[in-house]
Amino acid sequence: MSEVKANMAGSVWKIVVSQGEAVTKGQDIVILESMKMEIPLAAEVDGVVKEIKVSEGDFVNDGDTIAIIA
């Protein structure tokens with residue numbers, strides 16, 4: 001299993017995938033918004049999204065788990 005983690009503090013602006021969806025390495029999972037910038041977070045491995053741990057509008061800190069891919 002692989003965890004997609006926030007690389008900075010910010011708000012979850014948009015969730016791009018849904019639970020159960022197949023993703024490929026490099027595919028965007030969520031887009032964070034911080035200091036009026038959009039920061040995409042991508043899958044680091046091919047797999048299936050097992051769990052999305054955030055909702056749009058949530059605030060996350062650096063290192064928080066965003067999603068789990070298996």
Between atom CD1 of I15 and atom CG of D58, what is the distance when rounded to the nearest 0.5 Å? 7.5 Å
Heavy-atom closest pair (A43 atom, V4 atom, distance to 0.1 Å) is CA-CG2, 4.4 Å
Sub-4.5 Å side-chain heavy-atom contact between I68 and E3: yes
Interatomic distance, I69 atom CD1 to T24 atom OG1 [nearest 0.5 angstrom]: 9.5 Å
Taken in chain and number order and not counting sequence neighbours, the residues that satisfy side chain to side chain contact (heavy atoms under 4.5 Å, CB included) with A9 are F59, N61
Can you see which heavy atom on G10 is nearest to which on S34, and at what distance? CA-CB, 4.2 Å
Contact between V54 and V60 at the side-chain level, heavy atoms closer than 4.5 Å - yes or no? yes
Is it true that I29 and M8 fall in one hydrophobic cluster, defined by side-chain heavy atoms closer than 4.5 Å? yes
Contact check, side chains of V12 and L32, non-hydrogen atoms, under 4.5 Å: yes
Side chain to side chain contact (heavy atoms under 4.5 Å, CB included) partners for V49, two or more places apart: V17, V23, I52
Just wondering, are more than 12 heavy atoms of other shown residues or ligands nearer than 6.0 Å to NZ in K5? yes
Filter on side-chain hydrogen bond (donor to acceptor under 3.5 Å, both in side chains), then keep only pairs touching residues 36-49, sequence neighbours left out; what's left? none
List the residues meeting salt bridge (Lys or Arg N to Asp or Glu O under 4.0 Å) with K50, not counting sequence neighbours, and say none if there are none. none
Quick check on the hydrophobic clustering: are W13 and L41 connected, directly or via other members, by side-chain heavy-atom contacts under 4.5 Å? no
Among all residues two or more places apart in sequence or in another chain, which pass the salt bridge (Lys or Arg N to Asp or Glu O under 4.0 Å) test with E56? none
Who passes side chain to side chain contact (heavy atoms under 4.5 Å, CB included) against D62, sequence neighbours left out? none
